[in-house]
Peer 1: 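What follows is a structure written as structure tokens; I'll ask about it next.
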Amino acid sequence: AAGTPTEPSGPPDQPPPAAASYRVVSDWSTRPVTVSHPLVAPPLRFLTEVRFGDHPGEDPAYSRVTFAFEEGLPSYEVRYVASLEQDGSGDPVPVPGNAVLRIVFRDATGHDDAGRETDRPGGTVGYPTLRGYGFGGDFEGHLTFGLGLQVAAGSDQTLPVRVGEAVRPDGLHVVAVDVRR
């Protein structure tokens with residue numbers, strides 16, 4: 001169903017074909033990534049789906065989460081944090097793994113005026129480094145997720161991340177976050 005996070009049961013979520021508009025915004029790095037896309041006019045960008053895919057045969061191997069939006073791309077920030085907190089309350093949101101990559105979308109929403117809502121409870125993905133995700137909030141144009149990552153014990157608790165954007169043939173705008181395996 002639209003808006004339902006897909007578990008890794010089907011084929012991996014691949015980037016669009018070369019003819020599509022996929023572009024790397026930030027290549028492999030552990031530094032925070034901040035991207036601004038101006039909101040020219042309402043409505044807010046509606047998150048329609050979250051998908052996961054694993055790419056063990058790529059060089060380098062990685063796992064991917066994609067966020068697909070109607071009405072264009074929102075602004076966003078991707079950064080490592082000590083823990084995922086619920087927007088507003090600050091309550092901890094559990095995510096599997098031992099490191100957390102927080103993704104905050106601005107000028108975005110997980111619900112629309114027609115009553116549609118993106119399913120976003122969080123859960124386990126189970127890839128070697130991308131273990132799962134959690135939902136941190138949908139409030140006043142901010143939509144927050146956390147990726148639970150598994151890093152080597154005693155490491156600096158970060159893995160290189162790549163961020164890309166695309167427009168799919170169905171017109172949805174995609175933010176792709178790749179986590180090195």
Side-chain angles (χ1 to χ4, degrees), residues 1-8 13 25-26 29-39 42-53 62-113 115-127 129-151 157-166 172-179:
T4 303
T6 56
E7 295 301 325
D13 184 24
V25 173
S26 175
S29 173
T30 58
R31 294 184 315 264
V33 176
T34 302
V35 177
S36 295
H37 292 286
L39 181 65
L44 297 176
R45 309 315 187 214
F46 174 59
L47 177 66
T48 62
E49 63 186 32
V50 180
R51 292 187 183 180
F52 296 87
Y62 63 93
S63 298
R64 170 175 284 175
V65 58
T66 60
F67 300 89
F69 293 89
E70 292 178 354
E71 309 294 338
L73 287 169
S75 297
Y76 55 91
E77 180 185 65
V78 179
R79 76 171 37 240
Y80 279 98
V81 294
S83 63
L84 181 62
E85 296 177 352
Q86 185 72 39
D87 292 345
S89 71
D91 291 340
V93 177
V95 293
N98 60 4
V100 179
L101 188 68
R102 185 183 68 199
I103 304 164
V104 178
F105 297 102
R106 287 179 301 287
D107 299 326
T109 184
H111 62 280
D112 68 7
D113 293 338
R116 288 187 305 161
E117 204 171 81
T118 307
D119 288 337
R120 49 190 189 259
T124 300
V125 178
Y127 296 140
T129 54
L130 176 57
R131 306 303 294 163
Y133 65 106
F135 175 68
D138 178 6
F139 185 69
E140 293 186 349
H142 288 77
L143 195 56
T144 304
F145 288 88
L147 301 182
L149 307 179
Q150 187 67 42
V151 300
Q157 299 296 300
T158 59
L159 293 166
V161 174
R162 177 175 60 192
V163 179
E165 298 176 346
L172 292 177
H173 299 257
V174 175
V175 174
V177 178
D178 299 336
V179 177

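The analysis underlying the following values was restricted to heavy atoms, covering all of them including side chains, and did not include hydrogens, waters or symmetry mates. Given the structure is predicted, the values throughout are model-derived calculations rather than measurements.
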Peer 1: Ignoring hydrogens and angles, state whether a donor on the side chain of H37 or E165 is under 3.5 Å from an acceptor on the partner side chain.
Peer 2: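 Checked: H37/E165 side chains pair up, N/O donor to acceptor below 3.5 Å.
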Peer 1: Measure from the ring center of F52 to the ring center of Y133 and say whether it is less than 6.0 Å.
Peer 2: yes
Peer 1: Just how far is it from atom CG of D91 to atom CD of Q86, taken to the nearest 0.5 Å?
Peer 2: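 D91 atom CG to Q86 atom CD measures 7.0 Å (nearest 0.5 Å).
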Peer 1: Where the side chain of Y80 meets the backbone of L159, is there a donor-acceptor pair that is under 3.5 Å apart?
Peer 2: yes
Peer 1: To the nearest 0.5 Å, how far apart are CD in E117 and CG in L47?
Peer 2: 11.0 Å
Peer 1: About how many Å separate CD of E70 and OG1 of T109, when rounded to the nearest 0.5 Å?
Peer 2: 11.5 Å
Peer 1: Drop me the distance from E77's CD to S36's OG, to the nearest 0.5 angstrom.
Peer 2: 10.0 Å
Peer 1: For the backbone of G110 and the side chain of D138, can you confirm whether one donor and one acceptor N or O come within less than 3.5 Å of each other?
Peer 2: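 It does hold such a pair.
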Peer 1: Identify the heavy atoms of A108 and F69 that sit nearest to each other, and give their distance.
Peer 2: CB-CE2, 3.9 Å
Peer 1: Where the side chain of T48 meets the backbone of A68, is there a donor-acceptor pair that is under 3.5 Å apart?
Peer 2: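 Answer holds: yes.
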Peer 1: Write down the atom of V100, the atom of G146, and the distance for their closest heavy-atom approach.
Peer 2: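 Heavy-atom minimum between the residues: CG1-CA, 4.5 Å.
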Peer 1: Of the non-hydrogen atoms in P96 and T124, which two are nearest, and what is the gap between them?
Peer 2: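 Where P96 meets T124 most closely, the heavy atoms are CG-OG1, 4.3 Å.
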Peer 1: Taking salt bridge (Lys or Arg N to Asp or Glu O under 4.0 Å) as the definition, give me every residue that meets it alongside R31, ordered by chain and number, with sequence neighbours left out.
Peer 2: none
Peer 1: Establish, yes or no, whether the cationic atom of R102 lies under 6.0 Å from the six-membered ring centre of F145 and within 45° of the ring axis.
Peer 2: no
Peer 1: Tell me, do V175 and F105 make a side-chain contact under 4.5 Å, heavy atoms counted?
Peer 2: yes
Peer 1: Looking only at heavy atoms, what is the nearest atom pair of T144 and D87, with distance?
Peer 2: OG1-OD2, 2.8 Å
Peer 1: Between V151 and N98, does a side-chain contact (heavy atoms from CB on, under 4.5 Å) hold up when you go through it step by step?
Peer 2: CA-CA 7 Å; V151 300; N98 60 4; 3.2 Å; yes
Peer 1: Which residue in the set I103, T34, V104, V35 passes side-chain contact (heavy atoms from CB on, under 4.5 Å) when paired with V78?
Peer 2: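 It is I103; the other options fail the test.
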Peer 1: For F46, enumerate each residue passing the ring pair (Phe, Tyr, Trp, His ring centres under 6.0 Å) test, keeping only those at least two apart in sequence or located in another chain.
Peer 2: none
Peer 1: Pair T66, V50 - check side-chain contact (heavy atoms from CB on, under 4.5 Å), show working.
Peer 2: CA-CA 6 Å; T66 60; V50 180; over 6 Å; no
Peer 1: Please give me the minimum heavy-atom distance between V33 and S26, naming the atom from each residue.
Peer 2: CG2-OG, 3.4 Å
Peer 1: Does D107 pair with R45 as a salt bridge, N-O distance under 4.0 Å?
Peer 2: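 Here D107 does not pair with R45 in a salt bridge, since their nearest N and O are not under 4.0 Å apart.
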Peer 1: Does the pair L130 and L147 meet the rule for a side-chain contact (heavy atoms from CB on, under 4.5 Å), with working shown?
Peer 2: CA-CA 7 Å; L130 176 57; L147 301 182; 4.0 Å; yes
Peer 1: For P74 and R106, which heavy atoms make the closest approach, and how far apart are they?
Peer 2: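 It is CB-O, 3.2 Å.
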Peer 1: Could you pull out all residues at least two apart from R131 that satisfy salt bridge (Lys or Arg N to Asp or Glu O under 4.0 Å)?
Peer 2: none
Peer 1: Show your working on side-chain contact (heavy atoms from CB on, under 4.5 Å) between L84 and V95 and close with a plain yes or no.
Peer 2: CA-CA 8 Å; L84 181 62; V95 293; 4.0 Å; yes
Peer 1: Could you give the distance from CG (L143) to CZ (F67), rounded to the nearest 0.5 Å?
Peer 2: 8.5 Å
